[in-house]
Trainee: 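Sharing a structure with you now.
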Amino acid sequence: MTTVAVLGGGIGGLAASYYLCKSPQVTKVIVLESSSRFGGWLSSTRRSDGAVFEHGPRGIRPAGAVGRNTLNMVDDLGLGGEILPVDYSHVASKNRYVYVNKQLHRMPSGISGLLCTVPPFSRPLLLSVAKEILVRKGKEDDESIHSFVSRRLGKELADIAVDSLCRGVFAGDCRKLSVRSCFPVLFNAEQRRGSLTLGMLLGSGPTPALPPRPSGSEIPDRVSGRVQLHRDAGVQHITPAASGWKIELDDGVISADHIISAMPAKALSSILPPSCQSLSQLLQDISMVTVAVVNLEYEGSILPVTGFGHLIPSSENLGVLGVVYDSVPFPQHNRPEGHTTRLTVMMGGAWFQEVFGSPETVTDECLLARATEAVRSQLGVTSAPCWSWVALQKDCIPQYYMGHFRKVASMRHLIKENNLSLSLIGCSYDGVSVNDVIFSGRTAAEELIGAAV
Ligand SMILES: Cc1cc2nc3c(=O)[nH]c(=O)nc-3n(C[C@H](O)[C@H](O)[C@H](O)COP(=O)(O)OP(=O)(O)OC[C@H]3O[C@@H](n4cnc5c(N)ncnc54)[C@H](O)[C@@H]3O)c2cc1C
Ligand SMILES: C=Cc1c2[nH]c(c1C)Cc1[nH]c(c(CCC(=O)O)c1C)Cc1[nH]c(c(C)c1CCC(=O)O)Cc1[nH]c(c(C)c1C=C)C2
């Protein structure tokens, strides 16, 4: 009865089409992807010798409702056996480093991390946590992450730990990013319990509910039967029609009863008609940053420490955000013959233009030189890499600046007010992690169908 067009074939669009096909009310799902491959930022190189290098995301957090939701989807698609688990006792889960004052420091963890003074911090975490309970609740309806954490836990934690964390998740500047939109758990803990510590101990509100999992191994067949996947199908314009939408592609026009937009907000803004100008303007306002992802392979075991990787606060180095020690969490992706170490250096983000100039003119040689120099100075690796790959991921991570929640609420309000049969999903709105994006696809499918899927 219903034809749904999903615009954008990244993980958000693919997840939405998977959930839509679980309902018999949806007769056809048409996924339109402008590039020549599906997956969006999920992208890797598998070399002929078996080594794998990720140019986008490399892991998901299985925790919480959204993490469980991803695992359920992966299982239902019969892909559970492909997961490379990194459990909580793994060294990559326990050891994360920050590079401060030209040294690597292991981030405090466990009881001893709470009770002892662990450099680069000047006092035990427990002191900050205990004092936090007494800090009064903020009065604003949003605040920068840096201001929020400085106020509640002290400036040192904000300057080092939180500054680094925001670079390692949003490639962004914690002085500009919104605590309400980037870390809703922290914001809600303060709102509901008056304290992060109490929020963590007592819980800070409802988490998304997951309906029971469907039993079927037939799901992949049902999905493939009703989904049409079109690559090289860039959407140029969409126009509301008597019932639903007219969708203009480079080489034709199609109709759909409903559109799920899984493309970046700015891209959607550029294909809307003049009659949707207010919505267009709000969408246009969601900025993205560019990240240079440099994969490096070195002969032998070259790491001075073992763990997931290290992050670098903006006070130490603006341009280099962090280094992932890929061989540690995912040794299965090393080349089987002869021992090598795989690393990924991530650079730029909110500081790209300032440090490297325009993404349009920066060269791969320049980015490779900056990445190998970071590995030399931060990890003491003097040898040259035996293999490298530079991927310039332009406009790849949205920045939820202060007031982001208001913009998103206004967009959804405008859509409702104008009776547009349109859902907004993907990383531009309600969370940037792969888990969040998959969950946004599920939420949109459920809202459209009017039932849990
Ligand atoms: C370097 C990097 C590392 C990351 N690491 C992690 C990680 O470890 N863990 C984690 O959870 N998350 C990570 N993320 C975040 C996560 O990967 C992304 O937020 C997520 O993949 C975004 O998915 P999406 O479907 O919303 O968007 P996208 O992947 O951007 O998909 C949108 C699609 O829309 C298409 N499109 C655009 N315009 C049009 C048009 N006009 N017509 C048709 N199609 C169009 C695009 O080609 C694209 O394929 C990382 C991101 C990056 C960039
Ligand atoms: C240095 C840059 C980046 C690194 N990863 C990303 C960037 C921009 C992107 C990214 N990483 C994670 C997520 C998902 C967040 C979530 O809510 O699940 C995204 C969008 C996962 C992540 N990576 C690190 C942390 C602390 C997290 C949060 C979740 C978790 O605990 O796993 C740390 C980290 N990321 C990078 C490095 C070098 C690094 C080092 C310790 C790379």
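Just so you know, ligand 1 is whichever comes first in the structure, and atom 1 is the first atom listed for that ligand. In this text, all values refer to a predicted model and were calculated from it rather than measured experimentally.
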Trainee: Among all protein heavy atoms, pick out the one at the shortest distance from atom 17 (O) of ligand 2; state its residue, atom name and that distance to 0.1 Å.
Mentor: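 Here the closest protein heavy atom is Arg61 NH2, 2.8 Å.
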Trainee: Checking a contact table here: which protein heavy atom is nearest atom 26 (O) of ligand 1, and how many Å away?
Mentor: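 For atom 26 (O) of ligand 1, the nearest protein heavy atom is Cys427 N, 2.9 Å.
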Trainee: Looking only at non-hydrogen atoms, which of Val323, Leu321, Val66, Val291 approaches atom 1 (C) of ligand 2 most closely?
Mentor: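 It is Leu321 whose heavy atom sits nearest to atom 1 (C) of ligand 2.
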Trainee: Can you tell me the protein heavy atom closest to atom 36 (N) of ligand 1 and the distance?
Mentor: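 So the nearest neighbour among protein heavy atoms is Ser34 OG, 3.5 Å.
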Trainee: Under 6.0 Å from the CZ atom of Arg231, do we count more than 12 heavy atoms belonging to anything else shown?
Mentor: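 No.
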Trainee: Would a search of protein heavy atoms around atom 21 (C) of ligand 2 find one under 4.0 Å away?
Mentor: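 False for atom 21 (C) of ligand 2.
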Trainee: Could you check whether His90 and Phe308 have their ring centres less than 6.0 Å apart?
Mentor: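 No, they do not, as the ring centres are separated by 6.0 Å or more.
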Trainee: Say whether Gln393 and ligand 1 are in contact under the criterion: heavy-atom distance to a ligand atom below 4.0 Å.
Mentor: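 Distance cut 4.0 Å: Gln393 fails for ligand 1.
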Trainee: So, is Val434 polar-close to ligand 1, with some N/O to N/O distance under 3.5 Å?
Mentor: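 Indeed, backbone or side chain, Val434 has an N or O that close.
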Trainee: Among all the protein's non-hydrogen atoms, which is closest to atom 8 (C) of ligand 2, and how far away is it?
Mentor: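 Result for atom 8 (C) of ligand 2: Arg167 O, 3.4 Å.
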Trainee: Could you identify the single nearest non-hydrogen protein atom to atom 31 (O) of ligand 2 and state the distance to 0.1 Å?
Mentor: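 Residue, atom and distance for the closest contact: Arg96 NH1, 2.8 Å.
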Trainee: Which ligand 1 atoms does Val432 reach within 4.0 Å, using its non-hydrogen atoms?
Mentor: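 Those qualifying, in numeric order: 15 (C), 16 (C), 18 (C), 19 (O).
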Trainee: For Gly56, take its heavy atoms, then give the atoms of ligand 1 lying under 4.0 Å from any of them.
Mentor: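 Those atoms are 1 (C), 2 (C), 3 (C), 4 (C).
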Trainee: Can you tell me how far the CZ atom of Arg68 sits from the CG atom of Asn435, to the nearest 0.5 Å?
Mentor: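 Going from the CZ atom of Arg68 to the CG atom of Asn435 covers 11.0 Å.
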Trainee: For the pair Trp389 and His55, name the ring-plane relationship: parallel under 30°, tilted 30 to 60°, perpendicular over 60°.
Mentor: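 Geometry flag for His55 against Trp389: parallel rings.
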Trainee: Please could you name the atoms of ligand 1 that Cys396 approaches to less than 4.0 Å, counting only its heavy atoms?
Mentor: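 In order of numbering, the contacting atoms are 53 (C).
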Trainee: Write out the residue and atom name of the closest protein heavy atom to atom 24 (P) of ligand 1, then the distance separating them to 0.1 Å.
Mentor: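 The closest heavy atom on the protein side is Val437 CG1, 3.9 Å.
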Trainee: To which protein heavy atom is atom 6 (C) of ligand 1 closest, and what is the distance rounded to 0.1 Å?
Mentor: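 I find the closest protein heavy atom is Pro57 CB, 3.3 Å.
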